[in-house]
K.L.:
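My questions will all concern the structure given below.
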Amino acid sequence: QVQLMESGGGSVQAGGSLRLSCTASGFTSSLYFMGWFRQAPGKEREGVAAIYAGGGPTYYGDSVKGRFTISQDNAKDTLYLQMNSLKPEDTAVYYCAADRYIRSTTWWQPRHYKHWGQGTQVTVSS
């Protein structure tokens, strides 16, 4: 059974940093396309970053380019999202997601991902 569990969320002041983790179980994450999404109250779920299976090419949403870094530790079946220079508009519930077959041109669309974690809250205060 595929399971994803996020951790590392919390509250931080603007300009601060957080690192999110997503631990995978029930499957080999290095064979899957992995992504981070976020959803703020009243807004649609937004693609933040994604990484091709096994630590291949990475993709970022325009709003986080240059501030967030996605990475993967295949030995630990863990996905990370390093978030620097956080802004109040980064406040959201962050989810990790996985699927075997994702096109690089649509990585940012949540509907293509089959497996999801339960989410972790990130709150950035000004």
Side-chain angles (χ1 to χ4, degrees):
Q1 181 180 0
V2 173
Q3 287 189 325
L4 300 170
M5 181 164 294
E6 303 93 339
S7 61
S11 297
V12 64
Q13 289 191 328
S17 299
L18 282 174
R19 188 177 80 157
L20 305 183
S21 299
C22 173
T23 303
S25 61
F27 71 107
T28 303
S29 62
S30 61
L31 299 180
Y32 279 63
F33 198 100
M34 305 288 292
W36 285 100
F37 289 79
R38 66 187 182 186
Q39 189 165 18
K43 294 188 176 181
E44 293 186 352
R45 194 164 293 191
E46 172 191 16
V48 175
I51 187 166
Y52 217 83
T58 56
Y59 307 88
Y60 295 93
D62 288 342
S63 62
V64 305
K65 281 180 181 177
R67 300 188 298 122
F68 291 10
T69 303
I70 189 171
S71 62
Q72 190 174 29
D73 185 333
N74 294 330
K76 296 182 179 180
D77 273 330
T78 301
L79 180 73
Y80 301 101
L81 184 69
Q82 177 66 43
M83 305 186 295
N84 298 329
S85 301
L86 282 161
K87 304 175 181 180
E89 51 263 43
D90 294 319
T91 295
V93 177
Y94 283 70
Y95 300 89
C96 71
D99 200 278
R100 284 297 301 272
Y101 308 107
I102 299 289
R103 293 178 182 269
S104 60
T105 53
T106 57
W107 70 266
W108 47 274
Q109 294 180 344
R111 61 187 175 92
H112 294 298
Y113 292 76
K114 181 177 181 180
H115 307 290
W116 290 86
Q118 84 291 347
T120 186
Q121 176 70 46
V122 171
T123 303
V124 184
S125 58
S126 57

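Every heavy atom of this structure was used, including side-chain atoms; hydrogens, water molecules and symmetry mates were not.
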K.L.:
Taking Thr78 for its side chain and Thr23 for its backbone only, find out whether a donor-acceptor pair lies under 3.5 Å.
P.N.:
no

K.L.:
Evaluate whether atom CZ of Phe27 has more than 12 neighbouring non-hydrogen atoms of other residues, nucleotides or ligands under 6.0 angstrom away.
P.N.:
yes

K.L.:
Mind checking the OG1-CZ spacing from Thr69 to Arg19? Nearest 0.5 Å is all I need.
P.N.:
11.5 Å

K.L.:
Rounded to the nearest 0.5 Å, what separates atom CZ in Arg67 from atom CG in Leu86?
P.N.:
6.5 Å

K.L.:
Which heavy atom in Ser63 sits nearest to a heavy atom in Arg38, and how many Å separate them?
P.N.:
OG-NH2, 3.2 Å

K.L.:
Going from CD on Gln13 to OG on Ser126, what distance comes out if it is rounded to the nearest 0.5 angstrom?
P.N.:
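Result: 9.0 Å between the selected atoms.
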
K.L.:
Centroid separation under 6.0 Å, is that true for the rings of Phe37 and Tyr94?
P.N.:
no

K.L.:
Hey, does Arg45 have a side-chain heavy atom less than 4.5 Å from the side chain of Tyr113?
P.N.:
no

K.L.:
If you measure from NZ on Lys65 to OG1 on Thr58, what distance do you get to the nearest 0.5 Å?
P.N.:
10.0 Å

K.L.:
In sequence, state the C-alpha distance, the side-chain angles, and the governing distance for Leu4 and Met34, and then conclude on side chain to side chain contact (heavy atoms under 4.5 Å, CB included).
P.N.:
CA-CA 10 Å; Leu4 300 170; Met34 305 288 292; 4.1 Å; yes

K.L.:
Consider only side-chain heavy atoms of I, L, V, M, F, W and Y, link residues closer than 4.5 Å, and tell whether Leu18 and Leu79 are in one cluster.
P.N.:
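Same cluster: Leu18 reaches Leu79 through Ile, Leu, Val, Met, Phe, Trp or Tyr contacts under 4.5 Å.
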
K.L.:
Can any side-chain N or O of Trp36 pair as donor or acceptor with the backbone N or O of Tyr80 at less than 3.5 Å?
P.N.:
yes

K.L.:
So do Met83 and Val122 actually touch side chain to side chain, heavy atoms under 4.5 Å?
P.N.:
yes

K.L.:
Find the distance between CD (Gln72) and OH (Tyr32) and round it off to the nearest 0.5 Å.
P.N.:
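Separation between the atoms: 12.5 Å.
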
K.L.:
Evaluate the side chain to side chain contact (heavy atoms under 4.5 Å, CB included) criterion for residues Tyr52 and Phe33: first the C-alpha distance (whole Å), next the side-chain angles of each, then the deciding distance (0.1 Å), finally the verdict.
P.N.:
CA-CA 5 Å; Tyr52 217 83; Phe33 198 100; 3.1 Å; yes

K.L.:
Between Lys87 and Asp90, does any side-chain N to carboxylate O distance fall below 4.0 Å?
P.N.:
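So Lys87 does not pair with Asp90 through a salt bridge.
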
K.L.:
What about Phe68 and Tyr59, same hydrophobic cluster or not, with Ile/Leu/Val/Met/Phe/Trp/Tyr joined at side-chain heavy-atom distances under 4.5 Å?
P.N.:
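Different hydrophobic clusters.
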
K.L.:
Taking all heavy atoms of Ser17 and all of Ser85, pick out the closest pair and write down the distance.
P.N.:
OG-N, 4.3 Å

K.L.:
Checking Asp73 side chain against Lys76 main chain: does a donor-acceptor pair fall under 3.5 Å?
P.N.:
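It does hold such a pair.
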
K.L.:
Donor-acceptor check, side chain of Glu6 to backbone of Leu20, threshold 3.5 angstrom: yes or no?
P.N.:
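Not a single qualifying donor-acceptor pair exists.
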
K.L.:
Are side-chain heavy atoms of Val124 and Glu89 found at a separation under 4.5 Å?
P.N.:
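Contact flag for Val124/Glu89 side chains = no.
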
K.L.:
Could you tell me the separation between the CH2 atom of Trp107 and the CD1 atom of Ile51, rounded to the nearest 0.5 Å?
P.N.:
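Nearest 0.5 Å value for the CH2-CD1 distance: 12.0 Å.
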
K.L.:
Taking all non-hydrogen atoms of both residues, which atom of His112 and which atom of Gln109 are closest, and how far apart?
P.N.:
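For His112 and Gln109, the tightest heavy-atom pair comes out as NE2-OE1, 2.6 Å.
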
K.L.:
Search all heavy atoms of Trp116 against all heavy atoms of Pro110 and return the closest pair with its distance.
P.N.:
CZ2-O, 3.4 Å

K.L.:
Take atom CH2 of Trp108 as the centre, draw a 6.0 Å sphere, and report whether it contains more than 12 heavy atoms from other residues, nucleotides or ligands.
P.N.:
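Counting other residues, nucleotides and ligands, CH2 of Trp108 stays at 12 neighbours or fewer.
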
